[in-house]
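For the single chain, residues carry numbers from 1 onward in sequence order.
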Amino acid sequence: MLSTKFRAVKVERGAGGWGGPLVIEPTEQRDKIVAVTGGDIPEVARKLAEMTGATVVDGFRSPPIESEIAAVVVDCGGTARCGVYPRKRIPTINLTPVGQSGPLAQFITEDIYVSAVKVSNMSYATEADETAAPAATPAPATEAKTEKVTAPEPEQDQGGFLGFITSVGRVMGNVVNVLFNSGRRTIDTVVRNVLPFIAFVAMLIGVINATGVGEALAHVLEPLGSNIIGLLVLSAICGLPFLSPILGPGAVIAQVIGAAIIGPAIGTGVIPAAMALPALFAYNTQVGADFVPVGLALGEAKPSTIKVGVPALLLSRQITGPISVLIAYGASFLL
């Protein structure tokens, strides 16, 4: 018998999006829509909770246990966040148009992930939608163990020189296999994640330099970047607990400030070269702040730990950011 409290909602990809469609239907056990985004809870998460009858929760402030999550809404630009929850087989809705990307790209599949979602991409599901939608089931935890048990036992009757050669060959084969797979994954990560990000930042740098915005911003930042007091202020601003999760995604802000504004300003002499190292730490204070709740979840932290740990880490960044700038300033005298 179907519950009248919850309704199934079909979530489709938006313009330029990937994956889906997903049918989100909460249950008595899984009745939370979790927003793991910087700032306020996005409208998509609020609307999805309203349509399904679930409860919307801020993943930064009061994260529930995973067994209570019906779906997660993220705003990841292609880093680890977009793959963490698909890896756990939790339906993931990304507000940005990102497909299979990041170090966990192999876990991002169309049956558990959809991106570029807007409110207009959500509608009440029909019986046909619910029938066609694949169920999101947890990955079998005993697969590796079963495979190990059913694998054929190696031959034990070979000895002497022939047995030695066989053992060496087996060990070398395993080593080569591990190295080959590592190399393949490294190349795949570079091609699918690193190179597109480099191209994106290069494009932004070209636009900023061509429009003259970089020169204007360099003069604006000159009072902050030309002395240690200004860099401490910049670090404190970037580390504000309510601001750092918004500036953090993808480290794009830090890359643009560093490569397109601070770097050229140092090269032209607007900002002293001695400020290069402390400036690096100053505008990187917020990097990774958006990943705090996800990182704690990856570490199997309990919801109460995440609830306390997220503000604690964000507040500690406010303190350690300026301290790192001072340490870098002291080290710059040795360069």
Side-chain angles (χ1 to χ4, degrees), residues 1-78 81-102 104-105 107-139 246 249 290 293-294:
M1 181 177 180
L2 295 178
S3 172
T4 58
K5 179 180 178 181
F6 303 108
R7 296 193 62 180
V9 172
K10 182 180 180 180
V11 183
E12 300 179 282
R13 73 182 75 170
W18 186 91
L22 304 183
V23 175
I24 308 300
E25 184 175 11
T27 64
E28 294 292 342
Q29 293 74 31
R30 295 181 177 271
D31 61 344
K32 303 291 192 304
I33 305 296
V34 181
V36 188
T37 57
D40 295 332
I41 297 176
E43 182 62 24
V44 168
R46 296 182 184 274
K47 187 65 175 179
L48 180 60
E50 177 186 336
M51 295 175 68
T52 58
T55 303
V56 64
V57 176
D58 189 333
F60 275 84
R61 293 183 174 88
S62 55
I65 59 177
E66 293 176 6
S67 60
E68 296 179 352
I69 300 177
V72 174
V73 178
V74 301
D75 60 349
C76 180
R81 235 189 325 160
C82 59
V84 167
Y85 297 102
R87 182 189 179 196
K88 299 181 178 183
R89 301 299 295 169
I90 297 176
T92 303
I93 300 168
N94 197 345
L95 303 181
T96 60
V98 172
Q100 291 179 304
S101 180
L104 301 176
F107 300 104
I108 301 176
T109 55
E110 293 183 342
D111 65 321
I112 202 69
Y113 176 90
V114 64
S115 65
V117 176
K118 295 180 173 57
V119 173
S120 58
N121 300 123
M122 299 186 297
S123 60
Y124 288 108
T126 62
E127 291 185 5
D129 293 329
E130 295 183 50
T131 304
T137 55
I246 302 175
D290 61 312
V294 180

>> Going by salt bridge (charged side-chain N to carboxylate O under 4.0 Å, His left out), name the residues that satisfy it together with Glu50, two or more places apart in sequence or in a different chain.
In response: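 By the salt bridge (charged side-chain N to carboxylate O under 4.0 Å, His left out) rule, Glu50 matches Lys47.
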
Would you give me the side-chain donor-acceptor pairs under 3.5 Å for residues 51-64, sequence neighbours excluded?
{"unit_1": "Thr52", "atom_1": "OG1", "unit_2": "Leu48", "atom_2": "O", "d": "2.8"}
{"unit_1": "Thr52", "atom_1": "OG1", "unit_2": "Ala49", "atom_2": "O", "d": "3.4"}
{"unit_1": "Thr52", "atom_1": "OG1", "unit_2": "Ala54", "atom_2": "N", "d": "3.3"}
{"unit_1": "Asp58", "atom_1": "OD1", "unit_2": "Phe60", "atom_2": "N", "d": "2.9"}
{"unit_1": "Asp58", "atom_1": "OD2", "unit_2": "Arg61", "atom_2": "NH1", "d": "2.4"}

>> Walk me through whether Glu28 and Phe6 qualify under side-chain contact (heavy atoms from CB on, under 4.5 Å).
In response: CA-CA 9 Å; Glu28 294 292 342; Phe6 303 108; 3.9 Å; yes

>> Test of understanding: with side-chain contact (heavy atoms from CB on, under 4.5 Å), list the residues that count as partners of Ser115, not counting sequence neighbours.
In response: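 Expected list: Trp18, Asn94, Tyr113.
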
>> Holding to side-chain hydrogen bond (donor to acceptor under 3.5 Å, both in side chains), I want the full list of residues that pass it with Glu12, two or more places apart in sequence or in another chain.
In response: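 side-chain hydrogen bond (donor to acceptor under 3.5 Å, both in side chains) list for Glu12, sorted by chain: empty.
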
Which value, rounded to the nearest 0.5 Å, describes the distance between [X] atom [atom1] and [Y] atom [atom2]?
X	Y	atom1	atom2	answer
Ile93	Ile112	CD1	CD1	10.5 Å
Met122	Lys10	CE	NZ	14.0 Å
Asp111	Leu22	CG	CG	8.0 Å

Within-4.5 Å side-chain heavy-atom neighbours: [X] and [Y]:
X	Y	result
Arg46	Val73	no
Glu66	Tyr85	no
Leu95	Pro42	yes
Cys76	Val98	no

>> So does Tyr124 get a backbone contact from the side chain of Arg7, meaning a donor-acceptor N/O pair under 3.5 Å?
In response: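 No: the side chain of Arg7 does not pair with the backbone of Tyr124.
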
> Are the side chain of Thr27 and the backbone of Glu25 linked by a donor-acceptor contact shorter than 3.5 Å?
Replying inline: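 Between the backbone of Glu25 and the side chain of Thr27 there is no qualifying donor-acceptor contact (under 3.5 Å).
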
Please report the shortest heavy-atom distance between [X] and [Y], naming the atom on each side.
X	Y	value
Cys82	Thr92	O-CG2, 4.5 Å
Val11	Val117	CG1-CG1, 3.7 Å
Ala116	Gly16	CB-C, 4.4 Å
Val114	Gly19	CG2-O, 3.7 Å
Ile24	Pro91	CD1-CB, 3.7 Å

